[in-house]
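A short worksheet on the structure shown next.
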Amino acid sequence: TAPVVYTVTASDYMTTKDWTVTVTVNATASDEAEILTFEIADMDSVNINLTDTTITVYMPYGTDVTSLAPTYTISSGATINSPSGTVQNFTTPLIYTVTAQNLTNVMEWEVTVNVVEATEVTIHDIQYTEASPANSPYAGQLVKTKGVVTAAKTGTTTSFYLQDGDGEWDAIYVYGSTTAVEVGDSIQIVAQVSEQYYVTQLSSIVNLTIINSDNTLPEPLMISTLDANSEKYESVLVQVIAAEAISGSAGNYVVNDGTGALTVYETLYADFVLTIGKFYDIIGVMTWYNSGSKFEILPRNADDIYEDQVP
């Protein structure tokens with residue numbers, strides 16, 4: 001009701017200073033009834049529209065909206081019909097009623113929670129393009145797709161090749177799965193389509209489900225060494241026949257069946273050796289090696305390389 005004086009003494013115990021504190025109470029109660037902040041754990045983003053008194057929250061794929069506990073702040077002195085942190089079901093929009101300090105101004109805020117959806121597409125849909133550069137039409141989007149694992153590379157995470165069908169554009173590289181998979185696993189995956197060094201891939205995996213295992217793999221697509229150097233075979237399981245090893249060593253070779261050169265590389269099978277001048281049937285998945293600006297076939301194991309006796 002009156003100013004209060006606080007005396008502060010310095011560390012020398014001799015010097016003092018008086019501070020006068022006066023508290024003034026507004027004569028008029030506030031008429032503000034706004035929701036100032038609104039958060040839900042793990043949300044992607046939120047939009048608070050002060051004009052329309054609406055709030056839209058965007059949650060990651062797979063979020064269960066039936067049991068969410070938002071936290072929020074409101075105008076000073078105002079009250080709200082549901083305390084911050086209360087668990088709510090956001091299957092449909094909810095109304096939060098904020099009453100201003102003056103008890104006269106009341107505002108209703110409609111809160112909607114949207115969950116990011118994944119577009120369900122085939123691998124062929126993801127890969128097929130006539131554009132140059134050959135970027136996926138779904139680049140940057142979250143998609144749901146499925147296929148059979150045809151090749152896998154293990155490490156701290158698991159990256160693998162996924163194929164649905166046995167034709168052009170029917171396979172894709174999957175990067176950085178924390179779920180281990182094996183060749184022959186049929187999986188469903190939700191992930192983001194991205195372009196890395198001109199290779200279309202699925203990354204930032206949101207969900208991966210192994211449907212079943214030990215499935216028959218797609219038949220390798222039989223193509224020439226020249227045709228293998230094409231975007232439409234990226235990540236596809238292919239086979240070249242009677243290709244002569246014309247150069248290379250230590251897991252990095254060039255073969256040619258008479259139509260054009262193709263690089264064979266050790267990414268998935270480090271122990272393979274080809275003899276220069278001999279002819280081979282080779283099965284593997286196709287990839288693009290950006291640093292070398294070339295396509296490569298990647299055999300998976302010893303069974304993928306067969307030495308022809310007669311070219």
Side-chain angles (χ1 to χ4, degrees), residues 1-11 16-120 138-144 176 178-179 189-194 202-209:
T1 56
V4 176
V5 177
Y6 290 84
T7 300
V8 178
T9 302
S11 59
T16 63
K17 188 171 183 178
D18 291 338
W19 294 82
T20 301
V21 178
T22 303
V23 176
T24 302
V25 179
N26 288 333
T28 305
S30 172
D31 63 355
E32 294 183 354
E34 296 179 346
I35 294 180
L36 303 176
T37 64
F38 196 97
E39 296 184 359
I40 299 177
D42 300 323
M43 71 180 186
D44 289 332
S45 62
V46 61
N47 178 42
I48 300 177
N49 190 316
L50 299 178
T51 302
D52 297 335
T53 63
T54 60
I55 298 175
T56 306
V57 182
Y58 298 91
M59 299 297 296
Y61 174 86
T63 299
D64 179 7
V65 299
T66 64
S67 182
L68 298 175
T71 57
Y72 32 83
T73 59
I74 59 177
S75 299
S76 178
T79 58
I80 192 168
N81 64 321
S82 179
S84 178
T86 302
V87 175
Q88 301 278 19
N89 183 347
F90 285 96
T91 303
T92 57
L94 296 183
I95 301 297
Y96 286 79
T97 303
V98 180
T99 304
Q101 188 181 39
N102 63 11
L103 304 181
T104 301
N105 188 31
V106 178
M107 297 179 68
E108 291 188 340
W109 294 79
E110 183 178 86
V111 179
T112 302
V113 174
N114 292 327
V115 177
V116 173
E117 295 296 331
T119 304
E120 192 162 353
Y138 291 92
Q141 297 185 39
L142 191 69
V143 300
K144 177 193 290 186
T178 55
T179 301
I189 186 171
V190 177
Q192 186 176 61
V193 180
S194 61
L202 295 176
S203 58
S204 301
I205 299 168
V206 175
N207 180 266
L208 189 155
T209 302

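Basis for what follows: all heavy atoms, side chains included, without hydrogens, waters or symmetry-related copies.
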- Would you please test Asp42 and Thr63 for side chain to side chain contact (heavy atoms under 4.5 Å, CB included) and show each step? CA-CA 9 Å; Asp42 300 323; Thr63 299; over 6 Å; no
- Task: Flag the pair Thr97 / Glu108 as yes when at least one side-chain heavy-atom distance between them is below 4.5 Å, and no otherwise.
- Result: yes
- Determine, step by step, whether Val111 and Phe90 satisfy the side chain to side chain contact (heavy atoms under 4.5 Å, CB included) criterion, reporting the C-alpha distance in whole Å, the side-chain angles of both residues, the deciding distance to 0.1 Å, and the verdict. CA-CA 8 Å; Val111 179; Phe90 285 96; 3.7 Å; yes
- Between CD1 of Ile55 and CG of Leu94, what distance do you get to the nearest 0.5 Å? 11.0 Å
- Do the non-hydrogen side-chain atoms of Val143 and Glu120 ever get within less than 4.5 Å of each other? no
- Quick one: CD1 on Ile74 to CD1 on Ile80, what's the gap to the nearest 0.5 Å? 5.5 Å
- Message: Is the shortest side-chain heavy-atom distance between Ile205 and Val190 below 4.5 Å?
- Response: no
- Query: Considering all heavy atoms of both residues, which atom of Ala33 and which atom of Thr99 are nearest to each other, and what is their separation?
  - Reply: CB-C, 4.4 Å
- I would like to know whether Thr7 and Thr16 meet side-chain hydrogen bond (donor to acceptor under 3.5 Å, both in side chains); could you show each step before the answer? CA-CA 7 Å; Thr7 300; Thr16 63; over 6 Å; no
- Hey, are the side chains of Val116 and Asp44 touching, using non-hydrogen atoms and a 4.5 Å cut-off? yes
- Are the side chain of Thr37 and the backbone N or O of Thr73 linked by a donor-acceptor pair below 3.5 Å? yes
- Could you walk me through whether Ile35 and Val98 pass side chain to side chain contact (heavy atoms under 4.5 Å, CB included), step by step? CA-CA 8 Å; Ile35 294 180; Val98 180; 3.8 Å; yes
- For the residue pair Thr53 and Glu110, confirm or rule out a side-chain donor-acceptor distance under 3.5 Å. no
- Verify side chain to side chain contact (heavy atoms under 4.5 Å, CB included) between Tyr61 and Lys144, making sure each step is shown before the conclusion. CA-CA 11 Å; Tyr61 174 86; Lys144 177 193 290 186; 3.5 Å; yes
- Item | Smallest separation among heavy atoms of Leu202 and Ala191, with atom names | CB-CB, 4.0 Å
- Residues Glu34 and Trp109: closest non-hydrogen pair is CA-CZ2, 3.4 Å
- Heavy-atom pair with the smallest gap, counting every atom of Leu142 and Glu117: CD2-O, 4.2 Å
- Item | side-chain hydrogen bond (donor to acceptor under 3.5 Å, both in side chains) between Ser82 and Gln88, intermediate numbers included | CA-CA 10 Å; Ser82 179; Gln88 301 278 19; 3.0 Å; yes
- Any donor-acceptor N or O pair under 3.5 Å, side chains Thr56, Thr112: no
- Task: Hey, can you tell me if Phe38 and Tyr96 have their rings parallel, tilted or perpendicular (30° and 60° cut-offs)?
- Result: perpendicular
- Query: Taking the side chain from Ser84 and the backbone from Tyr72, do they hold a donor-acceptor pair closer than 3.5 Å?
  - Reply: yes
- Pair Ser194-Ser203, side-chain donor/acceptor within less than 3.5 Å: yes
- Message: Please give me the minimum heavy-atom distance between Ala29 and Asn102, naming the atom from each residue.
- Response: CB-CA, 3.7 Å
- Note on the structure: Pro60 and Met43 have their tightest heavy-atom pair at CD-CA, 4.4 Å
- Query: Is there a donor-acceptor contact under 3.5 Å from the side chain of Gln101 to the main chain of Ser30?
  - Reply: yes
- Under 3.5 Å: donor-acceptor pair, side chain of Asp52, backbone of Thr54: no
- Message: Checking side-chain polar atoms at under 3.5 Å, does Thr209 have a donor or acceptor matched by the opposite partner on Asn207?
- Response: yes
